[in-house]
Amino acid sequence: MGENWISEWRVIPVGGIPFGGYRLYRAMKAAGAPGCIAWKIDRDGEYERRHLAWGGVDYGYWPVPTVPGHICVFNPNSVEHAVHQASGLGWLNEDVASCTYRPDVESDLVIGLRIWHEVLHCMLGSGAPDEMTTTPGFVAFLEQRFGEDDPWVVQFRLNPPAYGHATDYQKEFYAYLTATHFPNEAAKPAHRVPLRYLVRDLLDAILARIRHTPVQKS
């Protein structure tokens with residue numbers, strides 16, 4: 001195993017889970033994944049059902065892509081894939097991964113980070129994405145990006161383990177890993193976003209502003 005940049009990843013929605021192109025775009029945008037990677041939905045992507053158990057732990061039955069550069073997204077509460085003990089797994093030698101997603105309760109940011117986390121495992125060929133709280137270079141990255149005296153940086157520097165599951169730090173950590181291990185690739189131009197997605201973004205922003213605009217009394 002070793003570093004292996006993959007410029008296109010295809011997401012397989014398993015079992016009819018509601019996860020389409022626009023949701024994928026929103027998720028990866030929220031997670032801060034570099035735009036130079038093409039993210040696509042592949043409803044016909046092939047996968048197999050694997051029973052995973054090792055180290056005395058049974059992880060259940062996971063959908064695992066059979067073609068490199070693919071990642072399954074599925075509901076862990078489904079009958080066919082009632083998994084537990086983990087929310088995502090990557091098969092580093094195969095360049096494939098799987099992530100759980102509960103559409104009714106998990107945000108775009110959560111599923112985006114989950115996908116990006118497993119993709120980084122595959123592309124780095126290591127456990128580096130799991131090491132946010134023990135990577136000294138990350139603190140220096142935060143200090144340079146936000147300032148040494150920024151309260152948000154200070155609280156992490158003083159007690160990293162307390163923020164091991166904080167999504168805002170995870171987003172910055174994955175940006176740090178990308179910039180550190182793939183600076184040339186990450187600097188490439190972003191793929192063009194479909195116009196229909198940008199229009200939906202604009203409409204959503206307008207509607208959100210309308211909903212939060214106080215009613216003026218006459």
Side-chain angles (χ1 to χ4, degrees), residues 4-49 62-78 80-81 83 86-92 94-124 129 167-168 170-175 177-179 182 185-186 188-208:
N4 176 33
W5 178 264
I6 299 175
S7 59
E8 179 178 292
W9 281 87
R10 293 179 176 267
V11 175
I12 305 172
V14 174
I17 193 170
F19 196 78
Y22 181 59
R23 178 56 58 85
L24 174 60
Y25 152 74
R26 282 173 38 183
M28 302 322 292
K29 178 181 176 182
C36 56
I37 292 182
W39 300 95
K40 298 180 180 180
I41 293 292
D42 186 356
R43 298 191 184 282
D44 298 319
E46 298 183 356
Y47 61 90
E48 59 187 14
R49 187 170 181 256
W62 287 69
V64 182
T66 58
V67 178
H70 281 68
I71 180 167
C72 286
V73 172
F74 68 103
N75 191 330
N77 298 325
S78 65
E80 184 180 10
H81 302 291
V83 307
S87 57
L89 292 172
W91 289 264
L92 311 193
E94 303 172 52
D95 285 331
V96 299
S98 293
C99 291
T100 63
Y101 177 46
R102 298 173 177 83
D104 296 332
V105 297
E106 293 182 317
S107 67
D108 292 337
L109 175 60
V110 168
I111 183 57
L113 287 174
R114 195 169 291 159
I115 291 172
W116 190 215
H117 179 97
E118 299 305 332
V119 162
L120 282 169
H121 270 306
C122 292
M123 295 201 303
L124 292 173
T167 55
D168 48 356
Q170 288 173 347
K171 181 176 179 178
E172 293 300 329
F173 182 58
Y174 302 157
L177 290 177
T178 306
F182 302 112
E185 291 83 354
K188 292 179 180 178
H191 290 276
R192 181 175 298 177
V193 176
L195 179 60
R196 63 185 184 278
Y197 293 175
L198 299 177
V199 171
R200 290 184 66 175
D201 278 350
L202 178 60
L203 291 175
D204 287 345
I206 293 173
L207 290 173

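These figures come from a predicted structure and were not determined experimentally. All values below come from the heavy atoms of this structure, side chains included, with hydrogens, waters and symmetry mates left out.
Under a 4.0 Å N-O distance rule, the pair Arg26/Asp201 does not qualify as a salt bridge.
Contact between Val193 and Tyr197 at its shortest, heavy atoms only, is CG1-CB, 3.9 Å. Across every non-hydrogen atom of Ile41 and Leu24, the tightest pair is CD1-CD2, 3.9 Å. Heavy atoms only, all atoms of each residue included: Cys99 and Glu118 are closest at SG-CG, 3.7 Å. For the residue pair Phe173 and Pro129, the shortest heavy atom distance occurs at CE2-O, 3.7 Å.
A centroid separation of 6.0 Å or more is found between the aromatic rings of Tyr47 and His70.
Pro103 places a side-chain heavy atom less than 4.5 Å from the side chain of Ile17. Residues Val14 and Val73 have side chains not in contact (no heavy-atom distance under 4.5 Å, counting atoms from C-beta outward). Taking the side chain as every heavy atom from C-beta outward, Phe19 and Ile111 approach each other to under 4.5 Å. Proximity of Trp116 to Thr178: side-chain heavy atoms (C-beta onward) are separated by under 4.5 Å at one or more points. Counting heavy atoms from C-beta on, the side chains of Asp108 and Arg23 come closer than 4.5 Å. Taking the side chain as every heavy atom from C-beta outward, Thr100 and Ser87 approach each other to under 4.5 Å. Side-chain contact between Ser98 and Ile71: absent, with no pair of heavy atoms (C-beta onward) separated by less than 4.5 Å. Taking 4.5 Å as the limit, every side-chain heavy atom of Val199 sits out of range of all side-chain heavy atoms of Arg196.
Put simply, CZ on Arg10 and CZ on Arg43 are 13.0 Å apart, with the number rounded to the nearest 0.5 Å. Taking CD1 of Ile12 as the reference point, atom CZ of Phe74 lies at 12.0 Å (rounded to 0.5 Å). The distance from the CG atom of Leu203 to the CG atom of Leu198 is 11.0 Å, given to the nearest 0.5 Å. Rounding to the nearest 0.5 Å places CD of Gln170 at 8.0 Å from NE2 of His117. Note that CG of Leu109 is 4.5 Å distant from CG of Leu113, once rounded to the nearest 0.5 Å. Expressed to the nearest 0.5 Å, how far CH2 of Trp5 lies from SG of Cys122 amounts to 13.0 Å.
For the pair His191 (side chain) and Cys36 (backbone), a donor-acceptor distance under 3.5 Å is present.
The environment of CD in Glu48 is crowded: more than 12 heavy-atom neighbours from other residues, nucleotides or ligands sit within 6.0 Å. Within a 6.0 Å radius of CG in Asp44, no more than 12 heavy atoms belonging to other residues, nucleotides or ligands are found.
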Discussion item. side-chain contact (heavy atoms from CB on, under 4.5 Å), that's the test. Do Met123 and Ile37 meet it? Break it down for me.
Written reply: CA-CA 12 Å; Met123 295 201 303; Ile37 292 182; 4.1 Å; yes
Worksheet item: Val67 and Val96: side-chain contact (heavy atoms from CB on, under 4.5 Å), yes or no, with the steps?
Response: CA-CA 7 Å; Val67 178; Val96 299; 6.0 Å; no
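Under the 6.0 Å distance and 45° angle rule, Arg114 does not count as a cation-pi partner of Tyr101.
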